Amino acid sequence: MKRQEIKEILQSETVGDTVKVNGWVRTKRESKNVNFINLNDGTVLDNLQIVADVNIFGNDILRKVNTGAALSVIGELVESQGQQNVELIAKEIEVIGEADPDKYPLQPKRHSLEFLREIAHLRYRTNTFSAIARVRHSMIFAVHKFFTEKGFFNIHTPIITSSDAEGAGEMFQVSTLDMGNPPRKEDGSIDYSEDFFGKKTSLTVSGQLEGELAALALSKIYTFGPTFRAENSNTSRHLAEFWMIEPEMAFYDLNDNMDLAEEFLKYLINYALENCQTDLKFLSQRQQQEEKNKPQDQRTMELIEKLNFVAENEFVRLTYTDAINILQNSKPAKKGKFKYPVEGFGTDLQSEHERYLVEKHFKKPVILIDYPANIKAFYMKVNEDNKTVAAMDVLFPQIGEIIGGSQREERYDILVEKMKAMNIPLEDMNWYLDTRRYGSAPHSGFGLGFERLITFVTGMTNIRDVIPFPRAPKNCEF
RNA sequence: UCCCCAGUAGCUCAGUUGGUUAGAGCGGCGGACUGUUAAUCCGUAGGUCGUAGGUUCAAGUCCUACCUGGGGAGCCA
């Protein structure tokens, strides 16, 4: 007999059918005559209640039906006398895999996220993490759907790279050399010509530069792949291994870039609202449980309300210079409430400043543009004022920068000049500069941190909870 | 990397100004009862108090270092 998934059974609710389900036991409640087993197969948040008659199934079987055990059940779907619509009256129960109740770490009770993080290999078996996994999948699919509908091509940029000029952070080195006794040159430095690739290599911190190569041939491309940063960042917003989406478009200026970024984010959020209702509703309830312990002024908007709010409202667009003005004239600045005073033009904004703009002043997502050139990367296009660059950061409530992007500098001479000033080795970047030598064209792009998006959409507060196996400093389990 | 907080039973926590034998709830196990909803009731087992030093007659409690986790900052996505 063919197994049916619980999602499909609960959707159709075809009472009277005999069906076979496989899944894992969440809880079991024992009565004199019947046992109630909540079975979950991960296809949907909800469990199917299995009713097992004690007189049919002996203690030999029922004692093995413990939280975490895998079961296969054949039974008749009937209307339930309890709070759910339907339930399965079991005719056959097979315990496929037992779970020793003395040792199985997941209990039929609420666990802390910190504890579940330590048993990340089992945390999918909870409502919260299975819901996150399903939402994450939906978002992956929506990313590809959005770009496909818009005529973008997906490009796989390299994961191992010999370019150490991506300029986005510290890199993890990739080597097969004997670390205890590496080959050395005469001056004592390590001789990478003996290494696997014959040169020093690392894990990528961004596919952008390679993406630009493709965009200047295919017009519109996007990458969606893993990126690695060896920064010693210990926060709830950073991972050492994360997934990034980087579209790159030829003949797009900064305004086109902003339009795309805003449309993209709204598309993803709307997709989640339409396709992940059950999971989002659960995640919302979970979040509100957590919020109960927080002081009133630190509570956030209800999850679905918040997502609708972002999807429906236009993002505010303003220049870095205007933002500085707003901040300097703000109440907290005048009352000295900012921990870091708002310095004038030329300094980067602190998290508290970004949060003030987004959460207090505008109460909407904000796109900041035209940053001072000296605090941004070498490839960003210099504006006419010669002081600022055509950069854009999309700031979201709570998580801060969700997107960072720019119009790229397409003028060869100016780019080379900037690279020299920023000590980027020109000889290693010839392949990149070729795009500016031959048929250079205005182009733009941005990077979206996928896990930051998932954090926002699921209402989770720690980024380590929205990726299956988080990698962070001093933490690489599994 | 910096600042703050925490680490006690499988989980979540309490443990007084340092003072006999370290507690509770949940979970597990045993039983009672029951078409139950994280069922309910009774009973029971379960602890090198993060690690290493130190102070003291005496340390879960005080001090130091380290480790791990959390919150915030920086770096960024």
Side-chain angles (χ1 to χ4, degrees), chain A residues 26-38 46-54 63 66-68 78-84 87 89 99-119 126-127 166-170 205-208 226-246 261 289 293-294 298 338-340 348-355 375-377 393-396 399-405 446-456 461-465 467 472-475 477:
Chain A
R26 284 291 175 77
T27 59
K28 180 178 71 169
R29 290 174 296 278
E30 296 179 69
S31 284
K32 187 168 189 181
N33 296 314
V34 287
N35 282 7
F36 299 99
I37 303 159
N38 277 359
D46 303 296
N47 304 318
L48 179 64
Q49 172 160 289
I50 312 288
V51 184
D53 192 321
V54 175
R63 75 185 312 157
N66 295 309
T67 302
V78 300
E79 248 177 71
S80 176
Q81 301 167 38
Q83 55 189 235
Q84 53 279 312
E87 62 189 16
I89 305 294
D100 184 344
D102 218 27
K103 293 176 180 149
Y104 187 64
L106 292 172
Q107 304 160 2
K109 60 172 276 197
R110 215 177 155 77
H111 290 292
S112 70
L113 295 171
E114 289 81 13
F115 171 67
L116 292 172
R117 224 169 276 153
E118 287 170 20
I119 51 162
T126 64
N127 285 338
E166 287 168 350
E170 290 295 310
V205 293
S206 162
Q208 180 201 313
T227 45
F228 308 87
R229 306 265 169 101
E231 305 282 350
N232 192 11
S233 298
N234 293 290
T235 79
S236 53
R237 301 185 306 281
H238 291 85
L239 291 164
E241 176 183 302
F242 65 100
W243 290 70
M244 191 151 65
I245 297 139
E246 294 179 289
Q289 279 285 332
N293 303 320
K294 288 188 190 167
Q298 280 179 31
F338 284 134
K339 202 174 164 198
Y340 298 90
D348 215 345
L349 297 178
Q350 304 290 321
S351 290
E352 58 175 346
H353 304 147
E354 294 180 351
R355 290 191 67 157
I375 58 171
K376 288 290 181 184
D393 284 359
V394 181
L395 308 178
F396 263 30
I399 53 177
E401 188 180 339
I402 192 169
I403 278 181
F446 60 81
L448 169 71
F450 187 60
E451 283 74 20
R452 290 206 179 156
L453 171 81
I454 305 301
T455 301
F456 185 76
T461 50
N462 194 315
I463 200 163
R464 297 176 193 194
D465 293 329
I467 188 166
K474 301 274 150 51
N475 192 335
E477 291 299 310

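Below, read A as the first sequence line, B as the second, and so on, with proteins coming before strands; counting in each chain starts at 1. Quantities reported herein were computed from a predicted structural model and do not represent experimental measurements.
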> Flag as yes if A:F242 stacks onto the base of B:A77 (centroids under 5.5 Å, planes under 30°), otherwise no.
yes
> Using the P atom in both, what is the distance from B:C62 to B:U16, to the nearest Å?
9 Å
> Assess whether one donor atom and one acceptor atom, taken from the side chain of A:K109 and the base of B:C11, lie less than 3.5 Å apart.
yes
> Separation of A:E241 atom CD from B:A77 atom P, in whole Å?
17 Å
> Phosphate oxygens OP1/OP2 of B:A39: is one of them under 4.0 Å from a side-chain N or O of A:R29?
yes
> Below the 4.0 Å mark, does B:G74 have OP1 or OP2 next to a side-chain nitrogen or oxygen of A:Q350?
yes
> Are A:N232 and B:G74 close enough that a side-chain N or O sits under 4.0 Å from OP1 or OP2?
no
> Take atom CD1 of A:I37 and atom P of B:A39, then tell me their distance rounded to the nearest Å.
13 Å
> Side chains of A:I403 and A:R452: does their closest heavy-atom pair fall under 4.5 Å?
no
> Figure out the CG/P separation between A:N33 and B:U36, and round it to whole Å.
12 Å
> Watson-Crick or G-U wobble partner for B:U36, using a 3.5 Å limit on both distances?
none
> Can you find an N or O donor on one side and an acceptor on the other, under 3.5 Å apart, linking the side chain of A:E114 with the base of B:G69?
no
> With respect to the phosphate group of B:G71, does any side-chain polar atom (N or O) of A:N462 fall under 4.0 Å of OP1 or OP2?
yes
> Which value, in whole Å, describes the distance between the C1' atoms of nucleotides B:G15 and B:G74?
38 Å
> For B:A38 and A:T27 - does any side-chain N or O of the residue sit under 4.0 Å from the phosphate oxygens OP1/OP2?
no
> Measuring only the P atom in each nucleotide, how far is B:C63 from B:U68? A whole number of Å is fine.
22 Å
> Distance check needed: B:C76 C1' versus A:F228 CZ, whole Å only.
16 Å
> Heavy atoms only, 4.0 Å cut-off, all strands: where does A:I403 land among base, sugar-phosphate and nothing?
sugar-phosphate
> In whole angstrom, what separates A:E354's CD from B:G72's C1'?
15 Å
> Return the value, rounded to whole Å, for the distance between atom CG of A:N66 and atom P of B:G28.
8 Å
> Compare side-chain N and O positions of A:T235 against OP1 and OP2 of B:G71 and report whether any pair is under 4.0 Å apart.
no
> A:Q208 side chain to A:F446 main-chain N or O, any donor-acceptor pair under 3.5 Å?
no
> Contact class for A:K474 vs. all strands (heavy atom < 4.0 Å): base, sugar-phosphate, or nothing?
sugar-phosphate
> Given that both distances must come in under 3.5 Å, which nucleotide forms a Watson-Crick or G-U wobble pair with B:C76?
none
> Could you identify the nucleotide paired to B:A22, looking across every strand shown and requiring Watson-Crick or G-U wobble geometry with both distances under 3.5 Å?
none
> Taking for each residue the nucleotide of RNA chain B bearing the nearest heavy atom, is the 5' side occupied by A:I402 or by A:P105?
A:P105
> Are OP1 or OP2 of B:G70 and a side-chain N or O of A:R464 less than 4.0 angstrom apart?
yes
> Any side-chain N or O of A:S351 less than 4.0 Å from the OP1 or OP2 oxygen of B:G74?
yes
